[in-house]
Enquirer: 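Sharing a structure with you now.
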There are 2 protein chains.
Amino acid sequence: MSGNGRRQTSAEKVLGVLTLFTAERPVWSPERAAKRLNVSLATGYRYFNTLVAAGLLERLQRNRYVLGPAIVELDRQIRDADPVLREARPVMERLLARLREPAAVLLCRYYREMVMCIHQETNKTGEPVSSYERGARRPMFRGSTSKVILAHLPPRTIANLWRDHRREIATTGLGTTFEEFKASLRALRQEKVNVSSGEVDEGRMGISAPIFDANRRVTGSVSIVLLSPRMNERAIARLCTHVYSAAREIERLRGRGTGVKA
Amino acid sequence: MSGNGRRQTSAEKVLGVLTLFTAERPVWSPERAAKRLNVSLATGYRYFNTLVAAGLLERLQRNRYVLGPAIVELDRQIRDADPVLREARPVMERLLARLREPAAVLLCRYYREMVMCIHQETNKTGEPVSSYERGARRPMFRGSTSKVILAHLPPRTIANLWRDHRREIATTGLGTTFEEFKASLRALRQEKVNVSSGEVDEGRMGISAPIFDANRRVTGSVSIVLLSPRMNERAIARLCTHVYSAAREIERLRGRGTGVKA
DNA sequence: CGCAAATTTCTCGTATTTTGAGAAATTCGC
DNA sequence: GCGAATTTCTCAAAATACGAGAAATTTGCG
């Protein structure tokens, strides 16, 4: 899958430890990690100590390590500095304010052949409308949130996705040949806003529009997620208009950038 | 300040790049980072490429890098897995539900000689009650949120804090000698709940209780932050009771742990 | 389109680190 | 304070990180 021929650098090996920590296994010991990474026990301890020193890992008790507080702090830095998020947030709040029914508004982006949620605004009325919250990733080929991004990715990325996910593309009905796949994407590009139902969460409807940067490259999407799949055409059309203008508004604001020099 | 005599490992140097990214300077180029870290330009690029490969950095445009999406994803993993946060959340919601006035409920912890917010619940009524949100850090010696943790830190940590922050401790009125400082902390330990006003944010009042783990070591604090400094004794006493029982409840729940093996 | 300037990668020999194996030290539950 | 488990330390061999500058690539602009 990944991994070109080049040998890993030492730092890459150390950072590889972080990828072991998943929802299924959020606690690791140096011993088990060493076995998994095919390094000696001593090296396992060395890697863990390095990451603990950086705050990326934290020792709960002897032999039990979890992801560390530096990550929490760094994410805060990102939320604070991210110009797209800063500008999008008030737009998302206004979009949500227009909705009477239980709903969530999502801001998403492309990351590593998937789509990741960057921010969710919700008018929570008890039950959660969408489990798609900041940092969560969803497949590239299902749900309006993903599909509007997919449709506008650069040709090179599209080709790589076809190479890596041919099977999944077929099962989601986007095509069994590369030509069919490209035709599906072309069709998606025709519609300004995409509406899909039940492709990610049962009984949820998504209405999404892509967001582009100054160079007309897609940087993400804005979406409304609704509980009720029962809506008349007219109401849906109205929401599509709102989502569309939210996307354009985010683009206009984002266009100004941060002006921060490197 | 930090830095014992031992030489840095290669991975430590690479990870040191991450600490360059601050709120004041969220965008860095390999060139500038290399200068700052006293390494060659080629090494600067090598470091950045390693971090980009791990997703910890992201290239915005040529020469402009920001903290990367892997951090967002890792923080999501932490929120998902952190047993304290999982158990504390509903308790915090219930605590907030008891309050009529604009308020925030905070969960905080000790991290690197400061106190970091882990979670904030708020009944937002427009203006934000507290800017102290997840990932933000505050000084160790001001505000009830910090002080209840400070008071119960192990003697070794207390001594280190005195060594590193003598000046700050004096200006916050916690003592001009180590003996005075320890006496102040002893006094803080006497009260079950601490109330302070305007020590962090102007016109804000904090009411905080420490949270302990199974070994009676302090793991953090729960707090209510209120806008109005004008409250009668009785109302405050009532809130103290609530904060205190919230802390005890979080301890009881947390006691069960995740049961996840390393 | 093509040029010039800036950015980014590559090459290479040397100096420095990293690594594994096992010994030694430390920690922790009881 | 004892014994078992965890964690650090030691050392020499193997691997790689490093700087300097050349080479390649990208980008802005006419």
Side-chain angles (χ1 to χ4, degrees), chain A residues 3-17 20 27-54 57-66 68 154-157 213-217 257 259-262, chain B residues 3-18 20 27-54 57-66 68 154-157 213-217 255 257 259-262:
Chain A
N4 45 14
R6 188 177 52 83
R7 292 186 70 81
Q8 276 192 318
T9 67
S10 167
E12 277 169 349
K13 285 186 277 186
V14 173
L15 290 175
V17 171
L20 297 175
V27 182
W28 284 79
S29 69
E31 183 178 359
R32 186 179 275 268
K35 266 184 197 139
R36 174 66 164 281
L37 299 173
N38 286 311
V39 295
S40 71
L41 181 60
T43 297
Y45 275 100
R46 279 188 282 245
Y47 285 3
F48 272 56
N49 286 338
T50 297
L51 290 167
V52 168
L57 288 187
E58 174 170 37
R59 184 178 133 147
L60 280 188
Q61 315 155 7
R62 67 177 359 199
N63 231 353
R64 311 186 87 227
Y65 290 75
V66 293
R156 174 66 172 275
T157 312
D213 68 11
N215 303 315
R216 299 190 177 265
R217 277 188 302 221
V260 181
K261 286 271 177 188
Chain B
N4 46 15
R6 186 178 52 83
R7 293 185 71 82
Q8 276 193 318
T9 66
S10 166
E12 276 168 351
K13 286 186 276 185
V14 173
L15 290 175
V17 171
L18 295 180
L20 297 174
V27 182
W28 284 80
S29 69
E31 183 179 0
R32 186 179 274 270
K35 266 184 196 137
R36 174 67 165 280
L37 299 172
N38 286 311
V39 295
S40 71
L41 182 60
T43 298
Y45 276 100
R46 279 187 281 244
Y47 286 2
F48 272 56
N49 285 337
T50 299
L51 291 167
V52 167
L57 288 186
E58 174 171 37
R59 185 179 133 145
L60 280 187
Q61 315 155 8
R62 67 177 356 202
N63 232 355
R64 311 185 88 227
Y65 290 75
V66 293
R156 173 67 173 274
T157 311
D213 69 11
N215 303 315
R216 298 191 178 265
R217 278 187 301 221
V260 181
K261 286 273 176 185

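Bear in mind the structure is a predicted one, so any value in this text is a computation, not a measurement.
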Enquirer: A:Ser40 and A:Ala34: which non-hydrogen atoms are nearest, and at how many Å?
Expert: O-CB, 3.5 Å
Enquirer: Looking at B:Tyr47, I'd like to know whether one of its side-chain N or O atoms comes within less than 4.0 Å of OP1 or OP2 on D:dA17.
Expert: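 Result: no.
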Enquirer: Under the 3.5 Å rule, do the base of C:dG20 and the side chain of A:Arg46 count as making a donor-acceptor pair?
Expert: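 Indeed, a donor on one side and an acceptor on the other fall under 3.5 Å apart.
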Enquirer: Using atom CZ of A:Arg32 as one end and atom C1' of D:dT6 as the other, report the distance to the nearest whole Å.
Expert: 16 Å
Enquirer: Specify the separation, in whole Å, of atom CG of B:Asn63 and atom P of C:dA5.
Expert: 18 Å
Enquirer: Roughly, in whole Å, what's the span from CG in B:Leu60 to P in C:dT8?
Expert: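 Taking atom P of C:dT8 as the reference, CG of B:Leu60 is at 12 Å.
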Enquirer: Can you check whether A:Thr43 has a side-chain N or O nearer than 4.0 Å to OP1 or OP2 of C:dG20?
Expert: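 Checking C:dG20 against A:Thr43, a side-chain N or O does come within under 4.0 Å of OP1 or OP2.
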Enquirer: Out of A:Leu60, A:Leu20, A:Val52, which residue meets the side-chain contact (heavy atoms from CB on, under 4.5 Å) rule with A:Tyr65?
Expert: A:Val52
Enquirer: Out of curiosity, A:Leu57 CG to A:Asn49 CG, how far, rounded to the nearest 0.5 Å?
Expert: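 Those atoms lie 10.0 Å apart.
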Enquirer: Which distance, rounded to the nearest 0.5 Å, do you find between the CZ of A:Arg36 and the OG of A:Ser29?
Expert: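 Rounded to the nearest 0.5 Å, the CZ-OG separation comes to 12.0 Å.
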Enquirer: In whole Å, I'd like the distance from the CD atom of A:Gln61 to the P atom of D:dT6.
Expert: 12 Å
Enquirer: Nearest 0.5 Å, please: how far is OH in B:Tyr47 from CG in B:Leu15?
Expert: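 Output value for this atom pair is 10.0 Å.
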Enquirer: So, is B:Tyr45 close to the C:dT8 phosphate, meaning a side-chain N or O under 4.0 Å from OP1 or OP2?
Expert: yes
Enquirer: Write down the distance between CZ (B:Arg156) and P (C:dT27), rounded to a whole number of angstrom.
Expert: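 One finds 10 Å between P of C:dT27 and CZ of B:Arg156, rounded.
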Enquirer: Looking for any heavy atom pair under 4.0 Å, which part of the strands does A:Phe48 touch: base, sugar-phosphate only, or nothing?
Expert: nothing
Enquirer: Please state how far atom CD in A:Glu31 lies from atom C1' in C:dA21, giving the value in whole angstrom units.
Expert: 15 Å
Enquirer: To the side chain of A:Leu41, which of C:dA21, C:dT19, D:dT7 is closest?
Expert: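 It is D:dT7.
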Enquirer: Any donor-acceptor pair, under 3.5 Å, between the side chain of B:Arg62 and the base of D:dT27, if you only look at N and O atoms?
Expert: no
Enquirer: Given D:dT8, is OP1 or OP2 found less than 4.0 Å from the side-chain N or O atoms of A:Asn49?
Expert: yes
Enquirer: Nearest heavy atom decides the nucleotide; on that basis, is A:Lys13 or A:Arg59 closer to the 5' end of DNA chain C?
Expert: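 Checking each residue's closest nucleotide, the 5'-ward one belongs to A:Lys13.
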Enquirer: Send over the distance from B:Trp28 CH2 to C:dT7 P, rounded to a whole Å.
Expert: 16 Å
